[in-house]
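Within every chain, numbering begins at 1; the chains are lettered A, B, ... in the order of the sequence lines, protein sequences first and strands thereafter. Scope of the values below: all heavy atoms of this structure, side chains included, with no hydrogens, waters or symmetry mates.
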Amino acid sequence: MRERDLATRVLEMAQRASPGAEIEATVDRHRLALTRFANSVIHQNVGEDTTVVRLRVHADGRTTAGSSTALDDTGLAALVKRTVEAVRIAPRDPGWPGLAPPADTGATPPVDAATAAASPADRAAVVRAFVDGAEGLETAGYCRTNHSSVAFANSAGQSVAGESTECGMAGIARQPLPDGIADGVARHAPRRLADLDGAALGARAAVKASASADPLELPPDRYEVVLESTAVADLLESLAAFGFNAKAVNDRRSFVRVGEAQFDPLITMVDDPLAAGLGFDTEGSPRQSLVLVDAGTTAGLTHDRRTAAEAGTESTGHGVGAGPWGPYARAAGFLSAGPPGPPASEVDGPAADASVAELLAGVERGVLVTDLWYTRVLDPRQLTVTGLTRNGVWLIEHGEITRPLRNFRFTQSYAQALMPGAVRGVGGTATQLPGDTYTASSPHWTAPALHLASWNFTGGASG
Amino acid sequence: MQNGSDLLWSDIMSEFDVASAAVQAALDAGATYADARVMQRRYESMVARNGEIEDLGQNGDAGVGVRALVGSGWGFFALPDLTDAAARTAGVTAAEIATASAQVSRGDIRLVESDPVTGSWANDIEVDPFEVSLADKGDLLAEATATMREHGADVAEGHYQIWETAKWFVSSDGHRINQRVREAGAGIMATAIGDGETQRRSYPAARGQYGTRGWELVRDLDLVGNAARVADEARALLSAPPCPSGETTLILGAEQMALQIHESVGHAIELDRILGWEAAYAGTSWLDLDQLGSLRYGSELMNITIDPTIPGALGSFGFDDEGTPAAGHDAVREGMWVGVLAGRDSASVAGLDYAGSVRCDGWARLPMVRMTNVGLEPGPHTLEEMIVATDDGIFMDTNRSWSIDDRRLNFQFGCEVGYEIKNGQLGRLLRNPTYTGIGPTFWRSMDMLSSETEPWGTPNCGKGQPGQIGHTGHPAAPARFRNVRVGVRA
């Protein structure tokens, strides 16, 4: 593997330049391609094949990290030279946690060769299917594939390498209304491109959009809600970043307290990074699958080496590299109510699938929410979030969807939304959903629908 | 070739050759138009927490990104390799991707005319931030964060970021442009943790202040000199009364005004959003091109310009990433919507004759419509005059949270600090101040605007898939708004 050889070489070069230093070398190659469509045509279609070498050196109590894309002898030598020179004059780093010791990594899924080799035409075909599946409505969205090859080596003897493939699609169908446009959405992030059914996703988005004509503006208030998996993904992302992130907990900015019954007993939350791809994190630590919430009781945190050292524990392999964020789960999910099985069957009407329809049946009067949008944390201590609904909202009466609603603004503590007694039902099946696309390797979430006792809608479409 | 950490400004011709080879390869592969950006980038950041340096990174990269138009489809491909062979591979692959795009296409793609510019540009700086020693930079952040801790901050954080970007742009229309852009910025933040909540104060903003300037920007901020005040205010907020709920007169400070402009004007006037190109992700816009020139966006005090020529502002450049020379024009004039942020293809679709607002986050990302410097021209008042003229209201400043809908209409913003205003004077400190509204209604209620403008920089504007981070500038001054809903609570 070229990446493993390169990581070893950079490590050896740095060791020669700075004998006795603690050194990490990482080589990250990603072949990312993303095809975007809007107004039912492909308008942006991009690809890259990028290899980045990262080097981190700790010597005499000081730490510096650097990276480069120059892989020839001159480029690697320049990276080593400037990083080693920088560490001599860098500020002191008393919190340095030391290097990851040699350790085996857990088993990860094999690379899907077809996804790794997916061509622009393959992605365009999935887009074509989505567009055609939307039955004449205008569509927009993306289809992406990524193949990552990563190698890590450190001066403590840890040397690991791995490959992963991933794919995802998200798209909307757009129904013109007299005073605007109603959108419906569908998303999926299966392991293989072959499992991405563009036609089915396009059809689902179109059904949602078509069912949104003549929406009612309901007054802001607290309503019982059913959040579909596409909305639940936002809860997972926020809980991962601001709740179970050990840096936030160490800093006392998180509401999470291990061992306490902070969630409804119906809630079990896990992070399964091994199912997602690489078996090690940016520090070379083995990634661990974690139970974060066990039947309502907070059970775990995500640690990197620095937060683990601060807390007197071990890294869970959730290091995400440089930056202020700290270690957070990127493959989190709520366990669904039912056993693992095939995806929930399609249903007529705007509910995403049969598992959502089952939850709706238990709602006397409430709101069905497809998606949450532009959510921002007002106070991390309560995980109070404001945001908006998007891509389809409906009124539920007597267990049935009765009419579409205009979008709401909400201001809601996610911690309170999931606290004991607040969860009335968890969907029978969970959906794999793509996360953001800001990194080559996208996070992904495994989300069932949730039936919650209350959601605080604080504004309507008109303010 | 040099990597991004070892820029050689004298080595211009070779990078032009790489870009030219990429463009020619795309044309040879069937493209009717192609452009290429060779970039060498250098980035350094440091994060301090509680008096200690937590993270120091020095990154460099270099590569070529090629955009090709084949028939009715665009393609883009990038490689981190500045050899002739790699450039040709990137050009050919971009054309292949464009060919695949044509599988799901409709109609022709045209570009508005652009003169085949040959030129160069670099921004002036006083102190090269890469020449300031790491020890000095670290001491600055360590002292500032230590001071905040001494003054009661439970978590004291500080950071700086500096960039140097060299670009060589070549297009099949004849452009041949090189630019060198240097940027810097920094900030500090104190968090106080109370019983069940956190409060924070930052200086000069949570994201910091940024510009196309050198280390002099950071030096002039005087982070250490402001550290004690910031920590004291964070602690004071824990015991302050909450912002009352209801409708009131609202005065916003300049930093929050920059955010208000960015979110509820800047993104709304992006032509790609107006045309639906971002519908599935970033969203669309409430603006309809049929109303360009006739829609009242705000009060007559509202004059918004798009101006990438402002010296030192974060969104400044000599040429955009399609080769269009930087030039200022109006977006809103005396409250009327008159202009957009546009690129050569989106302008053509919209029937406009100007572009100039296309930028990319490095060589590996597709150029797309982005804000440059979108700012509010100064008004006739001062902040003090606004407060004196207000019998009952609230003053808020320093953004803490921001959320706005996908049409850029319905917003809710939170600030770090609020003060009640009674009988023309600032009163009690208020915690958790938030306000919400609908963009045009809000802007039409602006009845006083300060002359005390400052070019705030936003270094973290997200857009696009794959995600791109944009650097934007927002000249802004304090302003007063009537009948605003404040104090939204969970």
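- Of the two parts of S133(B), neither the backbone nor the side chain holds a non-hydrogen atom closer than 4.5 Å to a non-hydrogen atom of chain A.
- Only the side chain of V155(B) comes within less than 4.5 Å of a heavy atom of chain A; its backbone N, CA, C and O stay farther away.
- For the pair R36(A) and E278(B), the salt-bridge criterion is met [side-chain N within less than 4.0 Å of a carboxylate O].
- Contact check for R252(A) versus T198(B): no side-chain heavy atoms found under the 4.5 Å cut-off.
- Using a 4.0 Å cut-off between charged side-chain N and carboxylate O, E157(B) and R253(A) make a salt bridge.
- Salt-bridge check for R365(B) with E48(A): passed, with a basic side-chain N closer than 4.0 Å to an acidic carboxylate O.
- Closest approach of P91(A) to G138(B), counting heavy atoms only: CG-CA, 3.4 Å.
- Ranked by heavy-atom pairs under 4.5 Å with chain A, the first of G283(B), G276(B), A279(B), A90(B) is A279(B).
- No donor-acceptor pair under 3.5 Å is formed between the side chain of T69(A) and the backbone N or O of P80(B).
- Ion pairing between E52(B) and R62(A) fails under the 4.0 Å rule for side-chain N and carboxylate O.
- Per-residue counts of heavy-atom pairs under 4.5 Å with chain A were compared for G63(B), A142(B), G462(B); the largest is that of G462(B).
- Between the Q58(B) side chain and the T64(A) main chain, no donor and acceptor come within less than 3.5 Å of each other.
- Among R49(B), Q199(B), R200(B), the residue with the largest count of heavy-atom pairs under 4.5 Å with chain A is R49(B).
- In this structure F411(B) satisfies the ring-ring contact (aromatic ring centres under 6.0 Å, His included) test together with F413(B), Y435(B), F442(B), sequence neighbours excluded.
- Counting heavy-atom pairs closer than 4.5 Å to chain B, the top residue among G66(A), G180(A), G47(A), A38(A) is G47(A).
- Y374(A) and E263(B) share a donor-acceptor pair across their side chains, judged by distance under 3.5 Å alone.
- Only the side chain of T191(B) has a heavy atom closer than 4.5 Å to any heavy atom of chain A.
- The side-chain heavy atoms of I53(B) and D93(A), taken from C-beta on, include no pair separated by under 4.5 Å.
- Y142(A) is not listed as a side-chain neighbour of Y281(B), based on a closest heavy-atom distance of 4.5 Å or more.
- Remark: the backbone N or O of N39(A) is paired with a side-chain donor or acceptor of R106(B) at under 3.5 angstrom.
- Side-chain contact between Q103(B) and I42(A) is absent, with no heavy-atom pair separated by less than 4.5 Å.
- With a 4.5 Å cut-off on side-chain heavy atoms, T458(A) and Q412(B) count as touching.
- Counting heavy atoms from C-beta outward, D379(A) and R400(B) have side chains that approach closer than 4.5 Å.
- Heavy-atom pairs under 4.5 Å with chain B were tallied for P120(A), A90(A), G141(A); the largest tally goes to P120(A).
- Judged purely by atom type and a 3.5 angstrom limit, R144(A) has no side-chain atom pairing as donor or acceptor with the backbone of P466(B).
- The shortest side-chain heavy-atom distance between S403(B) and L388(A) falls under the 4.5 Å cut-off.
- Checking S101(B) against N45(A) by side-chain atom types alone, a donor-acceptor pair falls below 3.5 Å.
- With chain B as the partner, the residue from V131(A), T384(A), T386(A), T51(A) showing the most heavy-atom pairs under 4.5 Å is T386(A).
- Under the 3.5 Å distance criterion, the side-chain polar atoms of D406(B) are left unmatched by any main-chain donor or acceptor of R390(A).
- Taken from CG in D251(A) to CG in N50(B), the straight-line distance is 7.0 Å, to the nearest 0.5 Å.
- You'll find the side chain of T284(B) reaches within 4.5 Å of the side chain of R174(A), heavy atoms only.
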